[in-house]
> 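This is the structure I have questions about; it appears just below.
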Amino acid sequence: MKFLIQAIIFGILNIFSTRSPELSVLLCVVEYIIVYYLLIRKDTFKAFLYYVLFTSVSLEMDAFIYGLDEPPFVRYGFFNFPGIYDWAYNLTTVVFFARVYNMDYEFKNEDIRKFFQWMKVLLLTGSISIAVGVCLNDNNIVDTGLFPKLAISTAMRFSFLFMFFYICAVFAFDKEVRNQLFVCSRHILLSVAVSSLIGLFLGFRGKYGSWSDDTILSAMIFAYTPCLMLFYKKENPNSYIYLFAAIAVFVASFYHPSNIGSKWYLIISGSLFAFLYSTLNIKSWKQGLLLLVGILYLIPIVGASVTLLFQSNEFNSWKVMQAFGVLNVFSYSNFESWFNSLDNSAQFRFDEIFNITIEYINKPMYIVFGKGFGGTTLHYTNFELLDWNADASFTQEQIKHQIFYSMHETTSTIYLRHGLFGIAFMFFIIKMFFKKLNQNPWAMFGLLWFIFFWGWCVSFRLGALAFILALAYNPSEDSVYEHNKNQD
């Protein structure tokens with residue numbers, strides 16, 4: 001309970017810091033003092049818990065705070081330390097990795113071992129593929145001056161994510177430590193829900209580009225607060241708070257949209273599916289498929305109802321239909337009709353996959369292992385309503401050189417960097433996690449993070465931790481709901 005209260009306080013202070021440059025600096029310094037004080041005392045695990053907490057409650061992106069407006073001041077935080085910026089966070093990750101690397105442990109969990117085998121191959125092939133691309137000056141990557149900066153920054157982001165996975169897996173090796181991670185992780189997610197709702201009540205609002213200036217001002221991990229429902233269990237009376245919090249953020253989002261747009265409603269749908277899958281104790285994949293199809297058929301009805309009920313909120317109505325339109329495949333007779341019915345944003349994401357595929361058809365040597373870290377694609381298609389040169393689509397650097405590397409979804413990102421091997425990796429993860437849905441509340445949380453936000457926004461690291469917890473969870477040893485009830 002003490003950790004939960006501290007998490008809520010830091011969550012609220014981070015929201016307050018969006019209006020005070022002095023508070024943003026002070027808060028940033030205090031957070032790092034806490035982490036390094038614990039590291040100096042060699043309390044590495046406790047330091048790691050606060051490191052994850054501060055990562056999760058920090059408001060990483062100014063775009064969701066101030067919209068397209070120029071920020072009123074330089075806002076510092078856990079990812080933007082005065083003077084050294086994001087290097088403070090990256091170096092802290094390296095410090096934790098160095099601390100745990102020589103610990104006495106062995107990955108006995110078969111799922112974790114397989115996962116790291118895949119990750120090592122992705123790291124190796126991603127490095128080799130970009131080296132080949134540089135030697136061939138693929139898409140003029142050398143002539144444009146994008147190399148080596150692009151390749152190094154992309155490889156470093158993957159490496160830091162690899163380190164974070166490794167740190168989590170080492171701590172999850174021990175049963176007692178793993179159970180502490182279970183408790184503290186869901187407390188962090190709960191604290192983000194509570195602090196964001198308190199900020200909303202006090203009049204703090206975020207922005208979503210030029211489309212809405214009335215969103216819930218929150219840390220990015222707020223996106224996964226619907227997953228709190230997965231931690232409800234009727235035999236544990238204290239778990240009602242998770243279900244209540246999930247319902248509260250769901251209702252609040254109808255009046256004040258989430259800052260992740262249409263994905264918010266897909267995460268709600270995924271969380272509801274996992275909740276019913278576990279509550280109904282579904283054992284057969286056929287029953288699970290029936291439940292999933294049922295939810296997908298209800299989505300257009302829910303979307304229409306929400307649109308009518310909250311028609312005064314045009315942004316919410318737009319994002320609801322944007323999310324559900326992608327899944328409404330049963331209402332159209334062919335692919336072209338369905339594709340043309342999609343919102344521009346959804347069409348854009350499919351168009352990225354089309355262009356990457358054409359890139360591989362033109363350059364088949366890359367198709368197996370992809371373009372690697374810093375790999376790029378050209379723009380081949382010519383859909384009338386899809387403008388790759390719009391400022392909101394890609395950075396000015398990509399538009400200037402007409403080579404593109406910042407994809408908008410996990411699938412297209414992995415497909416571009418790792419080719420068919422990357423797609424096989426995705427299928428491996430999805431298949432493995434679906435098998436865990438009935439016994440493991442972390443599975444859907446980790447899976448949704450992987451599908452939507454792999455490699456995007458460091459403040460989503462709690463999702464990466466949930467990913468490892470889902471792999472490490474042992475139903476014969478762990479009791480996510482009943483372990484140390486007084487902590488809840």
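Here the structure is a predicted model, which means the values were calculated and not measured.
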> Under the side chain to side chain contact (heavy atoms under 4.5 Å, CB included) test against Pro71, which residue among Thr18, Asp62, Ile65 passes?
Asp62

> Where do Ser253 and Tyr265 come nearest, in terms of heavy atoms and distance?
O-OH, 4.2 Å

> side-chain hydrogen bond (donor to acceptor under 3.5 Å, both in side chains) with Thr92: which of Tyr36, Tyr32, Trp87?
Tyr36

> On the 0 to 90° scale, with breaks at 30° and 60°, tag the Trp449-Phe165 ring pair as parallel, tilted or perpendicular.
perpendicular

> Kindly indicate whether the side chain of Ser185, heavy atoms from C-beta on, has any atom under 4.5 Å from the side chain of Trp442.
yes

> Can you find a pair of side-chain heavy atoms, one from Phe275 and one from Met444, that are under 4.5 Å apart?
no

> Which atoms form the tightest heavy-atom contact between Leu59 and Ser218, and what is the distance?
CG-O, 3.7 Å

> With no hydrogens and no angle check, do the side chains of Gln6 and Tyr50 hold a donor and an acceptor under 3.5 Å apart?
yes

> Which heavy-atom pair separates Pro226 from Phe222 by the least distance, and what is that distance?
CD-O, 4.2 Å

> Can you tell which of Leu181, Leu38, Asp174 makes a side chain to side chain contact (heavy atoms under 4.5 Å, CB included) with Phe45?
Leu181

> Rounded to the nearest 0.5 Å, what separates atom CD1 in Ile198 from atom CD1 in Ile8?
6.5 Å

> Report yes or no: does Tyr51 contribute a side-chain atom to a donor-acceptor pair with the main-chain N or O of Val35 at less than 3.5 Å?
no

> Any donor-acceptor pair under 3.5 Å linking the side chain of Arg205 with the backbone of Leu200?
yes

> Go through it in stages, so that I can follow the logic: the residues are Phe250 and Ile268, the test is side-chain contact (heavy atoms from CB on, under 4.5 Å), and I'd like the CA-CA distance, side-chain angles, deciding distance and then a yes or no.
CA-CA 8 Å; Phe250 177 62; Ile268 290 174; 3.2 Å; yes

> Would a 4.5 Å heavy-atom cut-off, applied to side chains only, mark Met426 and Thr410 as touching?
yes

> Less than 6.0 angstrom separating the ring centers of Phe244 and Tyr240, yes or no?
no

> Closest approach of Leu49 and Cys184, non-hydrogen atoms and distance?
CD1-SG, 3.8 Å

> Within this structure, what is the CZ-CG distance for the pair Arg157 and Asp86, rounded to the nearest 0.5 Å?
10.0 Å

> Please check: side-chain N/O of Ser459 versus main-chain N/O of Ser58, any donor-acceptor pairing under 3.5 Å?
no

> Decide yes or no for Pro441 and Phe231: does some side-chain heavy atom of the first lie under 4.5 Å from some side-chain heavy atom of the second?
yes

> Is there a side-chain contact (heavy atoms from CB on, under 4.5 Å) between Asn259 and Ile216? Walk through the geometry before answering.
CA-CA 7 Å; Asn259 58 10; Ile216 298 175; over 6 Å; no

> Could you state the interatomic distance from CH2 (Trp118) to CD1 (Ile429), rounded to the nearest 0.5 Å?
8.5 Å

> Taking all heavy atoms of Ser56 and all of Ile221, pick out the closest pair and write down the distance.
O-CG2, 3.5 Å

> Write down the atom of Ala470, the atom of Lys436, and the distance for their closest heavy-atom approach.
O-CD, 3.6 Å

> Before giving the answer on side-chain contact (heavy atoms from CB on, under 4.5 Å), spell out for Val458 and Leu161 the whole-Å C-alpha distance, their side-chain angles and the decisive distance to 0.1 Å.
CA-CA 9 Å; Val458 181; Leu161 179 61; over 6 Å; no

> Arg461 vs Thr55, test: side chain to side chain donor-acceptor pair (under 3.5 Å). Steps then yes/no.
CA-CA 7 Å; Arg461 283 290 194 262; Thr55 299; over 6 Å; no

> Check for me whether the distance between the ring centres of Phe433 and Phe450 falls short of 6.0 Å.
no

> Using a 4.5 Å cut-off on heavy atoms from C-beta on, say whether the side chain of Arg75 contacts that of Asn80.
no

> Does a donor on one side chain sit under 3.5 Å from an acceptor on the other, for Glu409 and Ser412?
no

> Measure centre to centre between the rings of Phe96 and Phe164, then say whether the value is under 6.0 Å.
no

> Between Tyr224 and Gly446, is there a donor-acceptor pair closer than 3.5 Å when you use the side chain of the first and the backbone of the second?
no

> Measure the OG-CG distance between Ser20 and Leu26 for me, rounded to the nearest 0.5 Å.
9.0 Å

> Test your reading of the model: is there a side-chain donor-acceptor pair from Glu60 to the backbone of Met220, 3.5 Å cut-off?
no

> Are Trp388 and Phe348 an aromatic pair, judged by ring center distance below 6.0 Å?
yes

> For the residue pair His418 and Phe425, is the inter-centroid distance of their aromatic rings smaller than 6.0 Å?
no

> Is a donor from one side chain sitting under 3.5 angstrom from an acceptor on the other, for Tyr76 and Ser17?
no

> So, Arg99 side chain and Leu39 main chain: donor-acceptor pair closer than 3.5 Å or not?
yes

> Atom CZ of residue position Phe428 - does it have more than 12 heavy atoms of other residues, nucleotides or ligands inside 6.0 Å?
yes

> Describe, in one word, how the ring planes of Phe273 and Phe434 are oriented to each other, choosing from parallel (under 30°), tilted (30 to 60°) and perpendicular (over 60°).
tilted

> Nearest 0.5 Å please: distance from the CG atom of Leu202 over to the CG atom of Leu217.
11.0 Å

> I'd like to check Phe3 versus Leu53 (side-chain heavy atoms, cut-off strictly below 4.5 Å). Are they in contact?
yes

> Tell me if the aromatic rings of Phe452 and Trp264 count as close, with their centers under 6.0 Å from one another.
no

> Check whether any side-chain heavy atom of Leu276 lies under 4.5 Å from a side-chain heavy atom of Leu272, and answer yes or no.
yes

> Are any side-chain N or O atoms of Asn90 and backbone N or O atoms of Phe160, one a donor and one an acceptor, separated by less than 3.5 Å?
no

> Does the ring center of Phe79 lie less than 6.0 Å from the ring center of Tyr89?
yes

> Which pairs of donor and acceptor atoms, one on a side chain in residues 188-195, lie under 3.5 Å apart (sequence neighbours left out)?
unit_1, atom_1, unit_2, atom_2, d
Ser191, OG, Ile188, O, 2.6
Ser195, OG, Ser191, O, 2.8
Ser195, OG, Val192, O, 3.3

> Show, in sequence, the C-alpha distance, side-chain angles and deciding distance for Tyr37 and Asp43, and conclude whether the side-chain contact (heavy atoms from CB on, under 4.5 Å) test is met.
CA-CA 9 Å; Tyr37 170 73; Asp43 195 345; over 6 Å; no

> Please examine the side chains of Thr395 and Tyr405, heavy atoms only from C-beta on, and report whether any two atoms are closer than 4.5 Å.
yes

> Nearest 0.5 angstrom please: Leu437 CG to Asn440 CG, how far?
8.5 Å

